[in-house]
Amino acid sequence: MSGILEKTELTFQQLGASSEAEVDRLFAEIEEFLESEQIGDRETFRVLWASDKKGVLTKIRNNWLRAAPPSTRRWIGPRLEKLTHSVAFKLKTYVERQVEGEGSGERVDLSLPGVIRSVGSHHLIRQVFQEIEGIFFSIGFSVVEGPEIETPYYNFEALNIPEFHPVRDDMDTFYLDLPKDAKTPLLLRTHTSPMQIRTMEKQKPPVRVIVPGKVYRRDNPDATHSFAFHQIEGLAVDTDITFCDFTGTIEYFVKQFFGPSVKTRFRPSYFPFTEPSVEFDVSCPFCGGTGTSAGGGTCSKCKGAAWIELFGAGMVDPAVYGFVNYDAKKVSGFAFGIGIDRLAMLKYGIDDIQVFFQNDVRFLRQFP
Ligand code: DAH
């Protein structure tokens with residue numbers, strides 16, 4: 001061991017050093033020694049110089065710096081700092097030299113790729129939710145969410161669907177087992193529309209909300225049906241909302257979602273909670289509304305119809321306001337219910353709704 005290393009075991013007093021020049025000489029000596037050190041094994045070098053407990057830097061800090069009187073300490077501090085940098089630099093260049101193939105011992109190749117952890121991504125359904133939410137945010141809607149377990153009152157009655165109404169046939173769902181004395185049956189909501197009621201119960205007009213969420217029906221699974229699927233409900237109620245606001249809003253949404261060149265149209269329809277009710281169509285975005293594919297055959301997306309049915313909507317039926325203490329003479333509004341799975345399938349050319357629920361990474365990875 002070099003004499004200078006032994007000196008780090010002693011205090012300045014023990015070394016008999018009392019002037020700045022002597023401090024300077026000791027540090028010069030140690031820097032020189034460091035310079036001349038041939039690093040064999042990196043770990044040995046690190047332990048000798050930089051280990052927390054017994055490294056040279058620690059010894060200098062304890063024996064030279066801490067043990068010295070304040071007047072001497074201010075000479076030592078900056079020099080110790082410089083030495084620390086020199087040690088760090090040497091360690092670093094050691095690693096670089098190893099990469100270049102010099103030196104011996106363990107080889108560290110910094111050019112090798114590190115451990116790559118795959119980062120997940122949002123499910124396509126979630127991505128479509130976010131895209132649609134973004135479009136409605138831009139025109140002043142906000143998001144509310146509600147329970148997936150509902151009472152028949154919110155899922156049906158307050159939406160103007162009394163018991164034995166034929167519409168209930170299309171919305172058969174799952175009922176929960178309840179204790180005998182339960183006051184009301186509980187079911188899995190068949191649509192996001194119950195949140196129209198819950199929102200209006202809580203809030204006076206103006207209301208402008210969308211409700212993304214999961215819904216359930218007792219449907220047998222096939223390429224277009226699933227017992228669980230996704231919707232976004234929309235509701236706007238105020239004192240002066242007209243059919244024009246309604247069509248303008250829907251058109252804005254569809255053009256944002258499918259592109260500005262699509263055309264839109266309404267067809268009369270029926271929902272118990274809207275009057276008038278419409279079914280909303282978009283000109284087929286895949287064949288440009290011609291019904292013919294690029295090759296001249298029938299467009300496979302719209303099956304030659306040139307239009308694609310998108311979702312149901314309408315002006316809120318005044319009867320619904322009666323359930324939430326809104327004055328039907330003073331307020332008006334519109335509502336819509338968008339099937340997310342269907343929209344995602346259309347936009348991304350997916351022909352089987354089941355792939356959304358199978359979670360096969362080969363499918364999921366196509367939508368990073
Ligand atoms: N709740 C309807 C369903 O699931 C969809 C719907 C139609 C919602 C018209 C609406 C609406 O808000 O106005 O079939």
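No hydrogens, no waters, no symmetry mates; every other heavy atom, side chains included, goes into these values. Ligands are counted one by one from 1 in listed order, and the atoms in each one are counted from 1 as well.
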Straight-line distance of Asn325 CG to Lys204 NZ, nearest 0.5 Å: 6.0 Å
Whether Gln127 side chain and His122 backbone form a donor-acceptor pair below 3.5 Å: yes
Face-on cation placement of Arg342 at Phe311 ring, 6.0 Å and 45° thresholds: no
Lys82 to Phe27, cation-pi by 6.0 Å centre distance and 45° axis angle: no
Residues clustering with Ile116 (ILVMFWY side chains joined when closer than 4.5 Å, directly or via others): none
Note down each nitrogen or oxygen pair, ligand 1 side and protein side, whose separation is under 3.5 Å; give only atom names and the distance to 0.1 Å.
unit_1, atom_1, unit_2, atom_2, d
ligand 1, 1 (N), His191, ND1, 2.8
ligand 1, 1 (N), Ser193, OG, 2.9
ligand 1, 4 (O), Arg217, NH2, 2.8
ligand 1, 4 (O), Gln231, NE2, 3.0
ligand 1, 12 (O), Gln196, NE2, 3.1
ligand 1, 12 (O), Glu233, OE2, 2.6
ligand 1, 12 (O), Phe336, N, 3.3
ligand 1, 12 (O), Phe336, O, 3.3
ligand 1, 13 (O), Ala335, O, 3.1

Ser226 vs Gln354, side-chain hydrogen bond (donor to acceptor under 3.5 Å, both in side chains): CA-CA, chis, key distance, verdict: CA-CA 7 Å; Ser226 164; Gln354 302 302 327; 5.0 Å; no
